[in-house]
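We name chains A, B, ... by the order of the sequence lines, and we start the count at 1 in each one. For the numbers below, each heavy atom of this structure counts, side chains included, while hydrogens, waters and symmetry mates do not.
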Amino acid sequence: MATKWPENRRVIGTNVPRLDGPEKSTGKAKYSYDINRPGMVYGVIVRCPHAHAKIKSIDTSAAEKMPGFRALHLIAREGTELYYAGEDVLAVAADTEEHALDVARAVKVEYEVLPFQVKESDALENDRKTLAPLGPRRERDNLRPPQTQESDEFADGMKNAEVTVTGTYGMPVISHQCLEAHGLVAEWGADGGLTVWASTQAVVGTADALARHFNTVHKMDMAGKVKCITHYMGGGFGSKFGPDVQGIACAELALKAKAPVKLMLDRASEITTAGNRPSAYGKVTIGGKKDGTITAFEADTWGTPGTGAARTVGPLPYVYLFQHKVKHTVIRLNLGNQRAMRAPGHPQSCFFTDCALDDFAAKIGMDPMQVRLRNIPPDDVNAKNTDPLSYPAMRGTLYKKQIEIAAQLSGWANKWHPPGKGGDGPIKHGIGMALHTWGGFAAGPNDVTVTISSDGTVLVQTSTQDLGTAQRTVNAIVVAEILGLEPKDITVQIGENPFGRSGGSGGSTTCPSQAPASLLAAVKARDEMFAVIAKKLNAKVEDLSITKGKVVDKASGNEYEWKKACALLGTSRPRGVGTWSGAEAAKQANAGLSKGGVGGVQVAEVLVDTETGVVRCKQIVAVQDCGLIINKLACESQVAGGVIMGLNYALFEELIADRATGRIVNPDMEFYKLGGINDMPKIIVHMIDMPERGVIGIGEPPTISTHAAIGNAIFNALGVRVPETPFTPDRVLAALAKGAK
Amino acid sequence: MDHSSKRGDRPGVSRRDFLRGTGAAATAVASLVKVPGVEAQEAKSGADVVAIGPGPVKLSLEVNGTTMTTNVEPRVTLLDALRNYLDVTGCKKVCDRGTCGACTVMVDGKPIYSCTMLALEAEGKKIRTAESLIDGGKLDPVPAAFVACDAQQCGFCTPGFVVAMRAVLDANPKATPAEVEKGLAGNICRCGTYEQMRHAIEDLCKAGGK
């Protein structure tokens, strides 16, 4: 019989403080950045200062004579063309961090400076063809051919519209701004093995990629000889999936220096070179009836992924299933390449769709909440039969319920007013709403091993990493539930690739992969334990069960304290390995262990000062479903954190490239703004617990709709649309000035 | 730094002397931190001060009640001295220019950005880092509240916040939540744990910071 989640849950779904909280909050936890190895030296990367250049010469002779110099690793060569300011040229290592910086400064690189393009709007006017050749036709174009899509009845939909509204909307490139920079410590052992302590979202993937590099480039045999350790990591948000350039460079330096090397990116490099969220701009037209029914959606969008070529928007229209015609143009610029960032593409798509929807609602004079209720996609009738726990099967019912809860918690009925009617004084009140969706399915495969010892200790081992989601505690909660223990009784070891397989922590896949694997492992270990002790208890295996702290023999009615029961194990060590993956989750027999496809609704309330342009967000209500909740405390803090990241998108964040030099002018934390505690609204999180669906990931969805909800709240306050994030005073005042004309 | 705090046992230059000597405060501070060798040269042009460095000099710091010694170049910040030379890594290096607060430590009870202070300036002062807030498994009430309310995610900013909050409550055990928040205005969290931090602040203020 397939394993199920327990019907009556004693630990799962309760508030469990994260097990590693004391170590983290008191600085005892050792992150990769904190690893200091005996004899360790420091690595620094020398970077190209030009947005587009060819290397004419590299002279390291002076650098190699500098005090403390230990090793040099060339990343680029003479003749190499570099495509953005900050691109890696070479790496050096020296005995101290100070000396390493001196050595880097002593490297002389001569460049032939080439034409570049760093602004989307400039590229649209004049394609300077300044990028690396792409595809079979070796195109250097800034503009990629547009991608278009049109639904069958779009033309009819637009024809049937009684009202059409067109608006422009946009979001700039922003930075992941991980507080622990990308980087690692690399150390070669006497056995030829490589150990790295890497700040990564993919422990196994990082080890594998490093092994591949040395196998390929140095013809070494690194099979089973690369160990990646990530016990703690300080933020990734989608930007830390492999060793990266600095990972390879660090391991190469360590090989050459014959010493452990620490190479962490400095803040400017972190922001400029270690990924970013692509920009998205666009023109959206919504057509519909005066009763609020939207009949057609048209979007022409563009944005830059930097030097890459990836799309910069997600599905459009977003959440809703309007008849649509969409076009997207990728603009390649001489900026660092984009990387996945917390629900890639979704915040952008949400902003286009939900802001345009509010502008349409204003045009027909309707409450935008009512327009949403009228247009949310209905439950899919076929899915209700074939896959009743799926998102399509329940989306209509779910969003309706979530909108109602969000309206009630935010006081929407009393607080919403027609746009521009936010009060008579200079400070205007506004309220706005937005919807989002995400997957959060299992991926993998992920292996979890549970071992029970005769002293009663329980060890859980898995290679996965904790990005800040309290992953250790998830594993402990599930195992404690099955073994009748408390989470603190469980020892959890994570973040080492020899512990088995695990996927990278992307797509909110970690919890839905790890929790079922932990369940299966714990059940197997428990059953193996029963098999060993049944004989010694003169009991039948099938009569044994576990309640809180005790093993119970149903037949005799005898109860055995956990430790006493474990003492009967003698030298045996019951061990269960559980494996979970997307493929396992998709099997009908496994329905209910993990799922994906969530909905969420957020309502933001703002005060806008029309004299200064300053926006203060007063309150945000976040209603979110995520299947079976494992740790309510951490789940709610994950949602609140997502909201805060979305608020930062809305009010503060923008990476600014300088047209004249091609460089990022704010690769820091004083001019790249993030909100502090004084900038934060009251955040009300409401989780919809749907245990029948199984575990679903929650990391990404709550950050998606916040900026659109805030944008709509500002529109509600002012009656004019501030079209682009961040909603800084200058943009607010410009929109007011434009609206007054 | 007061004139009288100049160390008697080793010739040195206080920041005030140094700034007076060069007469160009902004440039001087920048060069003091960034350019090796420059500080020694320029300081020589001052009146009666004796330069140290640019090579390593002996550094003795009192960290969490323990005297720690090492050798650092005078340009090394307190943050780098703690992390790179003394293996005290609770203070984190993030922005490295006095913006984010992840490197916050207490110096004689006051919270400071350890990336903005030279290690040599901290000699003779009592330095307290987040590591002092756990004693044999017993947590100080501030980190305990962070744990109980889950006011941390990735945790990289957390020791800085915890030290800043401990300092606010030490200075004023009757601080209101608004006052505590003001004391945290110099710290930045990327994961967005401020809502849970407010829960922790509320609990701590009710208990008088204990």
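For a residue to count as touching a neighbouring chain, one of its non-hydrogen atoms must lie under 4.5 Å from one of that chain's; by this rule B:D140 does not touch chain A. Neither the backbone nor the side chain of B:F161 comes within contact range of chain A; no heavy atoms are under 4.5 Å apart. Contact annotation for B:I201: only side-chain heavy atoms (C-beta onward) come within less than 4.5 Å of a heavy atom of chain A. Only the side chain of B:T99 comes within contact range of chain A, judged by heavy atoms closer than 4.5 Å. With a threshold of 4.5 angstrom between heavy atoms, B:A185 approaches chain A through its backbone and through its side chain.
Atoms CG and CG, on A:L633 and B:D150 in that order, are 4.5 Å from each other to the nearest 0.5 Å. The distance from the CG atom of A:N36 to the CG atom of B:L86 is 10.0 Å, given to the nearest 0.5 Å. We find the CZ-NZ distance between B:R198 and A:K682 to be 8.0 Å, quoted to the nearest 0.5 Å. Expressed to the nearest 0.5 Å, how far CD1 of B:I188 lies from CG of A:L674 amounts to 5.5 Å. The NZ atom of A:K28 sits 6.5 Å away from the CD1 atom of B:I134 when rounded to the nearest 0.5 Å. From A:E97, atom CD reaches atom OH of B:Y85 across 8.0 Å, with rounding to the nearest 0.5 Å.
Of all the heavy atoms in A:I644 and B:T193, the pair that sits closest is CD1-N, 4.5 Å. Smallest separation of non-hydrogen atoms from A:G27 and B:A130: N-CB, 4.2 Å. Closest heavy-atom contact between A:F237 and B:C191: CZ-SG, 4.0 Å. Across A:L179 and B:C157, no two heavy atoms sit closer than the pair CD1-CB, 3.6 Å. The two atoms that bring A:S25 and B:V162 nearest to each other are O-CG2, 3.7 Å, heavy atoms only. Across all their heavy atoms, A:K24 and B:P159 have their closest contact at O-CG, 3.5 Å.
Ranked by heavy-atom pairs under 4.5 Å with chain A, the first of B:S132, B:P143, B:G101, B:C149 is B:P143. When each of B:D87, B:L184, B:T158 is scored by its heavy-atom pairs under 4.5 Å with chain A, the top score falls to B:D87. No other option in A:P67, A:A181, A:G642, A:A634 has as many heavy-atom pairs under 4.5 Å with chain B as A:A634. The residue among A:H176, A:K262, A:E23 with the most heavy atom pairs within less than 4.5 Å of chain B is A:H176. Of the listed residues (A:M645, A:M669, A:R18), the one with the most heavy-atom contacts under 4.5 Å to chain B is A:R18. Your options are B:N84, B:V88, B:V72, and the one with the most heavy-atom pairs under 4.5 Å with chain A is B:N84.
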Using the rule given for side-chain contact (heavy atoms from CB on, under 4.5 Å), can you reason through B:K93 versus A:Y33, listing the C-alpha separation, both sets of side-chain angles and the distance that settles it, and then say yes or no? CA-CA 8 Å; B:K93 188 164 176 172; A:Y33 210 147; 3.6 Å; yes
After noting the C-alpha distance and the side-chain angles of B:E195 and A:V643, does the key distance pass the side-chain contact (heavy atoms from CB on, under 4.5 Å) rule? CA-CA 10 Å; B:E195 176 66 22; A:V643 166; over 6 Å; no
Checking side-chain contact (heavy atoms from CB on, under 4.5 Å) for the pair B:D96/A:R267: CA distance, chi angles, key distance, verdict? CA-CA 8 Å; B:D96 202 26; A:R267 189 52 32 185; over 6 Å; no
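A donor-acceptor distance shorter than 3.5 angstrom exists from the side chain of B:Y194 to the backbone of A:G675, with no hydrogens or angles considered. Using modelled atom types, no side-chain atom of A:D668 and backbone atom of B:C95 make a donor-acceptor pair closer than 3.5 Å. Remark: the backbone N or O of B:V94 is not paired with any side-chain donor or acceptor of A:E270 at under 3.5 angstrom. The main-chain N or O of A:G21 is found under 3.5 Å from a side-chain atom of B:Q152 such that the two form a donor-acceptor pair.
For A:K632, the NZ atom counts as loosely surrounded, since its 6.0 Å shell holds 12 or fewer non-hydrogen atoms of other residues, nucleotides or ligands.
A salt bridge links B:R190 and A:E653; the closest N-O separation between the charged side-chain nitrogens and carboxylate oxygens is under 4.0 Å. Ion pairing between a basic and an acidic side chain is recognised when a charged N comes within 4.0 Å of a carboxylate O; B:R97 and A:D266 show no such pairing.
Side-chain contact between A:Y232 and B:C154: absent, with no pair of heavy atoms (C-beta onward) separated by less than 4.5 Å.
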